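See structure below.
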2 protein chains.
Amino acid sequence: MTDRSSLRDQPPAPSGGEALLFLTDEQLRKGIEAMFFAYRGFTADPDRILAELDYGRAHHRALHFINRMPGTTVSNLLAILGVTKQSLNRVLRALIAEGLVESRIGRTDRRERHLHLTPAGATLERRLSQAQRARMRAAYRAAGPDAVAGFRQVLEAMMDDEIRHQYHALRDPRG
Amino acid sequence: MTDRSSLRDQPPAPSGGEALLFLTDEQLRKGIEAMFFAYRGFTADPDRILAELDYGRAHHRALHFINRMPGTTVSNLLAILGVTKQSLNRVLRALIAEGLVESRIGRTDRRERHLHLTPAGATLERRLSQAQRARMRAAYRAAGPDAVAGFRQVLEAMMDDEIRHQYHALRDPRG
DNA sequence: AAGTTACGTCAGTCTTGTTGACATTCCAAG
DNA sequence: CTTGGAATGTCAACAAGACTGACGTAACTT
């Protein structure tokens, strides 16, 4: 409320023992801006490909996670993407209509739809993924292995708890 | 094109000298997912505040950078935010109408509009920023100082070149 | 048989982005 | 002084992608 609220929430001087990180507002703001600008770069390359094909980021996300968790159900995908079923359905309908995604009725529970990429879907997913990985690989190489470890640690700590669990549960389908 | 395209773009075995980072697709995919999930967390707290006040992320971004670069022109803000003037104008008009932002005609060049936060604008900016910094601070503390340095390095390497220059040019207005 | 779950869909709204067209204002160059 | 171009603002139309609410159907559970 007062003009010094941005100063008041600073920690006191670092204590003697294990140092509490002393983080200025300025350092934190630079981190916030870095996230903002980096995310733009992160999505730029796939966005260009998607625009050519009249798809959007929403389609990319669906393709990514269907590839990552083949046979996943609609509800599960919903939970991971954090959108409503109406929103996801619009995207899935398009992907199914254009033959990129296949929806199979569940064997044990016939209410469920299990989602898989078709060969065409897998091809597009790979194209998008390669563009995004190329930038990620370049950034990782430029920064070095220790930086990469730190990068991953901070990102993980920034996630909501629930999401972090889902993140950890993701495994390489080709593993 | 073939099924092994995802393997073909791997680097060869690490050379003898300074090791080229060996990065598997799986490692890169986890990084991509970490960015995706972390960005959701990154925006979650301010989003909740904004929703209460019937503002959106676009308003937050404008407030953030006007605070960061007081007196900046509309064109400059446009370049940083990477949107069209029509899109930004809608947001700015609302912020000005509600007394959060002031638009001053340039002294030397009267075509330019120099943007400043009003006290009310500064208060909201601080509220949003504090929510976002709290999460960032917690993540930084959890990960530790070395991780933070790595985090920043990787994010910087991920930006487009032009944007990275603008990022470096940002200075604390309270310097 | 009744209730719940999973999914799909229709209809309507909102934010935030886009283009295109056009007006205004003003600086600067001829 | 006139003209061209730059910076800004505004109107209109549109689209993607998110949302809520309501409803229907099929299938599983109790």
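The figures that follow rest on heavy atoms only: side chains count, while hydrogens, waters and symmetry mates do not. Fair warning: this is a prediction, and the values are worked out from it, not measured in the lab. Naming: A, B, ... by sequence-line order, numbering from 1 per chain.
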Subject >> side-chain hydrogen bond (donor to acceptor under 3.5 Å, both in side chains) pairs, two or more places apart, involving residues 149-159 of chain A >> reply: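 Non-adjacent pairs meeting side-chain hydrogen bond (donor to acceptor under 3.5 Å, both in side chains): R152(A)-Y167(A), E156(A)-H168(A).
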Measure from [atom1] on [X] to [atom2] on [N] and round the result to the nearest Å.
X       : N       : atom1 : atom2 : value
H114(A) : dA6(C)  : NE2   : C1'   : 11 Å
D47(A)  : dT18(C) : CG    : P     : 12 Å
N89(A)  : dA18(D) : CG    : P     : 13 Å
L78(B)  : dT19(C) : CG    : P     : 12 Å
H60(A)  : dA18(D) : NE2   : P     : 14 Å
L95(A)  : dG8(C)  : CG    : P     : 13 Å

**OP:** Start with the C-alpha gap between E52(A) and R127(A), add the side-chain angles, then the distance that decides, and say whether salt bridge (charged side-chain N to carboxylate O under 4.0 Å, His left out) holds.
**Re:** CA-CA 13 Å; E52(A) 284 173 22; R127(A) 188 174 162 210; 3.4 Å; yes
Original post:
What class does the angle between the rings of H64(A) and H60(A) fall in, given that below 30° is parallel, 30 to 60° is tilted and above 60° is perpendicular?
Top reply: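 Rings of H64(A) and H60(A): perpendicular, over 60°.
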Expected rows: protein N/O vs nucleotides 1-4 of chain D N/O, under 3.5 Å:
none

If you round to the nearest 0.5 Å, how far is [atom2] of [Y] from [atom1] of [X]?
X       : Y       : atom1 : atom2 : answer
H114(B) : T72(B)  : NE2   : OG1   : 9.0 Å
M69(B)  : N76(B)  : CE    : CG    : 4.5 Å
N89(B)  : R113(B) : CG    : CZ    : 10.5 Å
L170(A) : E33(B)  : CG    : CD    : 4.5 Å

**OP:** Summarise how protein sits on nucleotides 10-17 of chain C as a single string, 5' to 3': B when a protein heavy atom is under 4.0 Å from the base, S for sugar-phosphate-only contact, - for no contact.
**Re:** B-----BB
Subject >> Ring centers of Y140(A), F22(B) separated by less than 6.0 Å >> reply: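 Centroid separation for Y140(A) and F22(B): 6.0 Å or greater.
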**OP:** Only counting residues at least two apart or in another chain, list the ones meeting salt bridge (charged side-chain N to carboxylate O under 4.0 Å, His left out) with R107(A).
**Re:**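 Testing R107(A) for salt bridge (charged side-chain N to carboxylate O under 4.0 Å, His left out), a comparison that skips the adjacent residues, returns none.
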Please tabulate the protein-to-nucleotide N/O contacts below 3.5 Å involving nucleotides 22-26 of chain C, giving atom names and distances.
{"unit_1": "dC26(C)", "atom_1": "OP1", "unit_2": "R110(B)", "atom_2": "NE", "d": "3.3"}
{"unit_1": "dC26(C)", "atom_1": "OP1", "unit_2": "R110(B)", "atom_2": "NH2", "d": "3.3"}

**OP:** Return the set of residues passing side chain to side chain contact (heavy atoms under 4.5 Å, CB included) with R57(A) (not counting sequence neighbours), or none when no residue passes.
**Re:**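 With sequence neighbours excluded, R57(A) shows a side chain to side chain contact (heavy atoms under 4.5 Å, CB included) to Y39(A), T43(A), D47(A), R61(A), given in chain and number order.
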**OP:** Would you name the heavy atoms of R40(A) and I163(B) that are closest together and state the gap between them?
**Re:**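 The answer is NH2-CD1, 3.0 Å.
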